[in-house]
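This report refers to the structure that appears directly beneath it.
So that the names make sense, note that chain A is the first sequence line, chain B the second, and so on, each numbered from 1.
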Protein chains: 2
Amino acid sequence: MPLLMPAPEPEILSRRSELLTRLAQILPAQNVIADETARRAYECDAFTMYRALPLVVVLPETVPQVQSILALAQEMNVKVVPRGGGTSLSGGSMPLEDGILLGMSKFNRILEIDYENRCARVQPGVQNLAISKAVEHAGFYYAPDPSSQIACSIGGNVAENAGGVHCLKYGLTTNNILGLEVVLMGGEILRLGGKHLDSEMYDLLGLMTGSEGLLGVVTEVTVRILQKPPVARGLLLGFASVEAGARCVGAIIAQGIIPGGMEMMDKATIRAVERFQPCGYPQDAAAIVIVELDGTPAEVDHLVGVVEKIARAEGATTTKVSNSEAERLQFWAGRKNAFPAVSCIGPDYLCMDGTIPRKRLPEVLTGMDELAKKHGLRVANVFHAGDGNLHPLILYDASIEGDIERAENLGADILRLCVAVGGVLTGEHGVGVEKRDLMGEMFNEIDLAQQMRVKCAFDPSGRLNPGKVFPELHRCAELGAMHVVGGALPFPDLPRF
Amino acid sequence: MPLLMPAPEPEILSRRSELLTRLAQILPAQNVIADETARRAYECDAFTMYRALPLVVVLPETVPQVQSILALAQEMNVKVVPRGGGTSLSGGSMPLEDGILLGMSKFNRILEIDYENRCARVQPGVQNLAISKAVEHAGFYYAPDPSSQIACSIGGNVAENAGGVHCLKYGLTTNNILGLEVVLMGGEILRLGGKHLDSEMYDLLGLMTGSEGLLGVVTEVTVRILQKPPVARGLLLGFASVEAGARCVGAIIAQGIIPGGMEMMDKATIRAVERFQPCGYPQDAAAIVIVELDGTPAEVDHLVGVVEKIARAEGATTTKVSNSEAERLQFWAGRKNAFPAVSCIGPDYLCMDGTIPRKRLPEVLTGMDELAKKHGLRVANVFHAGDGNLHPLILYDASIEGDIERAENLGADILRLCVAVGGVLTGEHGVGVEKRDLMGEMFNEIDLAQQMRVKCAFDPSGRLNPGKVFPELHRCAELGAMHVVGGALPFPDLPRF
């Protein structure tokens with residue numbers, strides 16, 4: 001599936017110097033990056049398969065500057081790609097050769113911490129982990145914890161509805177934010193939600209979360225902060241087959257227990273991890289499950305016993321319980337190293353992201369194995385088992401002719417399998433450019449047309465992050481027009497590619 | 001604030017017989033209610049202040065029938081008001097004299113119960129409580145529990161994003177549904193979400209939840225079902241002042257405890273309840289707080305001790321802990337009777353619904369008291385204290401000249417107070433017609449114009465449930481046009497009133 005992006009618009013390229021002049025009226029010189037070498041640093045995000053040199057990079061520091069940039073882009077009909085920490089795994093912030101790259105990294109201040117209302121107001125460029133660090137001394141933390149949390153920004157987390165290990169119990173980003181300030185294309189400011197629980201009218205807060213930078217630019221986020229559970233203990237469970245591990249995961253959930261985290265790794269990942277940095281995982285196991293239980297001491301001790309019993313009943317070959325904080329962290333160490341460890345055996349890997357109904361885990365794991373054989377590649381599995389969010393790592397070697405295509409084809413087949421069992425194409429990494437052309441596997445024309453009408457309600461000229469999420473926009477536009485009732489809502493001139 | 005509804009459109013009224021003929025081609029005769037006496041049964045919902053005789057009532061039984069009705073309405077340019085159980089407290093399903101009332105009561109089947117994926121697929125006319133009853137034998141339940149749960153339908157719950165006593169811990173409707181099937185104006189079917197955890201693209205599932213019947217008609221709901229906590233125990237706490245009670249609520253939350261429910265009642269409500277049906281509430285208390293703790297026995301016993309200690313530290317004058325299921329239900333009995341009990345001392349009451357940041361509770365309770373004195377009326381308070389969702393019951397006597405207006409004015413002032421402290425106009429009852437004209441207190445023109453653009457992305461001709469939620473649509477349309485970027489998204493001919 002070669003990535004088809006719109007050809008750069010010659011008219012925009014020809015007006016680059018005019019654009020730079022106008023941007024210089026909005027921003028200090030050091031906040032506009034026009035030099036080619038400096039722009040190279042921004043040519044991709046963490047989805048490194050595709051690259052493009054942005055037309056210009058701007059780094060605003062104030063909300064009025066963001067408003068002016070978006071108003072200017074609207075006026076000059078220039079595309080805009082917003083960017084947070086640049087850690088997107090689906091190319092959500094991949095730049096465009098004819099587009100402004102709007103970097104939000106200078107919006108890096110924590111504006112307010114409000115313990116009584118259990119929330120914090122932060123700027124979008126604040127790193128995910130920085131929020132937890134700022135409230136740690138008071139015993140609080142911010143729950144969603146993507147693996148990239150030392151680098152990713154909260155604005156990007158909102159754009160992608162980021163998840164993490166603890167989202168099984170504590171929810172995704174959408175469950176952990178209370179308010180947003182957003183600048184629309186054209187420069188208008190929208191304020192959504194606040195410090196209170198609910199909000200009337202349409203749930204634009206939810207709509208904006210996970211909208212992948214196509215609806216507006218987030219300039220402030222009010223996040224929910226949670227009190228740290230008094231105690232957390234871990235269990236390290238080994239199994240003779242991945243199916244047995246998957247059944248144990250299902251049995252724990254069916255018992256009514258929602259662990260703080262429940263992660264699974266297969267043999268390929270276990271071996272890679274132990275070779276990278278040994279952490280005591282059972283090397284004879286075909287799969288391990290790490291379960292973390294948190295809460296009050298009385299509750300956790302009780303639940304550890306219940307989970308141990310379930311694991312034994314499901315045939316666990318290893319059952320270790322952490323008896324100290326050091327031991328709990330040791331259980332997690334390998335999980336945290338899994339991605340770099342796998343990249344050492346690869347030599348390259350493609351990290352997929354799909355979600356399935358939990359009870360289909362055993363058959364999907366078997367199915368992925370068969371697909372890998374068919375394509376002649378290996379897959380290492382490490383994933384959020386508790387919520388059915390899979391992260392198969394497809395191992396390939398970019399130096400071997402045709403291996404990239406093989407990896408992409410296997411990835412597409414795996415995602416089709418997820419959809420076939422009633423799942424979805426993504427879990428927590430977004431659609432971006434990576435899965436854009438697979439959207440038709442999941443959505444029909446009516447679905448896509450309605451999604452497009454919502455996009456148009458925010459950005460009718462389609463200048464905000466075009467080329468992402470929607471497959472074949474021109475087709476979508478035609479379909480949309482076909483389905484528009486009463487003919488009252490025409491589709492504007494969308495980018496065609 | 002007299003309710004200004006659009007005058008019935010004479011052209012529609014003149015085509016009533018044509019409409020009836022066309023409906024007879026879609027539905028069996030007994031599913032079309034055209035007779036005036038029979039239509040009277042539908043002239044209002046639980047917000048009884050305003051009434052209107054619907055043009056015709058239709059009761060479809062299949063999805064294709066719903067599609068045909070909405071396609072016909074689109075074709076004939078007739079308004080449609082969807083209705084579930086008719087228990088809306090904000091007039092969300094109030095009929096229109098020139099509109100079809102689309103009753104979904106015959107969609108009353110539970111289609112599938114799937115314990116392994118912890119969900120159930122149900123039709124929208126299924127009553128809220130019926131879901132819990134259907135899964136009770138397996139130890140499961142559906143969490144949101146509005147007071148009207150024996151009568152309200154799950155489709156209406158989705159439309160209003162209904163809450164309830166247990167939403168503090170288990171979330172509102174939006175946190176407890178996984179999928180929807182929706183028919184749009186014009187007859188297209190949208191399928192949103194499913195049995196899996198996350199869904200890519202814009203969060204239309206969240207957008208639809210709480211959209212008050214203005215975006216589409218729900219024809220199927222996939223709800224999350226939860227395992228019943230093994231144990232629940234209640235605490236009945238009495239306080240010498242409402243402020244002390246409110247401080248105790250804040251202290252419990254600040255300790256990191258999220259009770260299954262935490263409700264508060266003031267002296268006026270306690271007295272009304274004890275007069276209606278005595279249940280042992282301390283009559284000398286100025287406020288009582290009922291706290292329910294649920295979970296594993298070890299956890300609950302531990303937390304009961306912690307809450308008792310907090311209550312004593314906050315000066316509780318009564319601290320009772322339930323030692324049996326009968327005693328726990330006894331604690332709740334008065335809370336469940338609160339609304340009918342207050343209506344006995346009224347003789348009439350207006351139930352308000354607003355949400356505030358929890359820490360502002362003491363000052364808002366004091367402020368409401370002052371407002372009530374200013375307007376010369378009494379207010380009884382019973383509310384979801386834990387999540388800051390207030391339900392002041394304004395007592396008035398409809399037989400006294402001017403009392404209705406006084407009650408409405410006091411209600412508006414109370415809601416303005418909620419907004420002034422950083423809260424919102426609604427908690428769980430929706431905007432409907434009740435608060436439509438107060439929306440300007442909360443939202444500015446940019447906010448309302450953006451909300452209107454989203455509405456138009458689903459229903460550009462504005463025929464679905466007009467007159468609800470949006471204040472002064474014509475003004476909104478002008479504003480919208482003013483703010484539309486690039487002029488690409490015109491506002492269609494919206495109902496003007």
Heavy-atom cut-off 4.5 Å, strictly under: side chain, backbone, both or neither for A/L184 against chain B? side chain
Looking only at atom types and distance, does a side-chain atom of A/E116 sit under 3.5 Å from a main-chain N or O of B/G250, one as donor and one as acceptor? no
Counting heavy-atom pairs closer than 4.5 Å to chain B, which one of A/V454, A/V469, A/L303 comes out on top? A/V454
So, the part of B/N175 with a heavy atom under 4.5 Å from chain A: the answer is side chain
Counting N and O atoms only, with roles assigned by atom type, does the side chain of A/R191 sit under 3.5 Å from a partner on the main chain of B/F443, one being a donor and the other an acceptor? no
Chain B heavy atoms under 4.5 Å from A/T296: which part of the residue, side chain, backbone, both or neither? side chain
Let's test your reading of the structure: which of A/G210, A/G194, A/G423 forms the most heavy-atom pairs below 4.5 Å with chain B? A/G423
So, the part of A/D114 with a heavy atom under 4.5 Å from chain B: the answer is side chain
Using atom types as modelled and distance alone, determine if a side-chain donor or acceptor of A/R118 lies under 3.5 Å from a backbone N or O of B/I253. yes
Do you know which of A/I189, A/N389, A/L215 has the most heavy-atom pairs with chain B at a distance under 4.5 angstrom? A/L215
Give a yes or no answer on whether the side chain of B/Q450 reaches the backbone of A/A457 with a donor-acceptor pair at less than 3.5 Å. yes
Measure B/R360 against the heavy atoms of chain A and call it side chain, backbone, both or neither at under 4.5 Å. neither
Is a donor on one side and an acceptor on the other found under 3.5 Å between the side chain of B/E188 and the backbone of A/I446? no
Mind ranking B/N444, B/L214, B/L205, B/T209 by heavy-atom pairs under 4.5 Å with chain A and telling me who comes out on top? B/L214
Interatomic distance, B/Y202 atom OH to A/F458 atom CZ [nearest 0.5 angstrom]: 9.0 Å
Is A/E75 close to chain B through its backbone or its side chain, or both, or neither, when contacts mean heavy atoms under 4.5 Å? neither
Side chain to side chain contact (heavy atoms under 4.5 Å, CB included) partners for A/N77, two or more places apart: A/R463
Applying side-chain contact (heavy atoms from CB on, under 4.5 Å) to B/D447 and A/L190, what does each step give before you reach the verdict? CA-CA 6 Å; B/D447 296 329; A/L190 265 192; 3.5 Å; yes
Measuring only between side-chain heavy atoms, which start at C-beta, is B/L207 closer than 4.5 Å to A/L204? yes
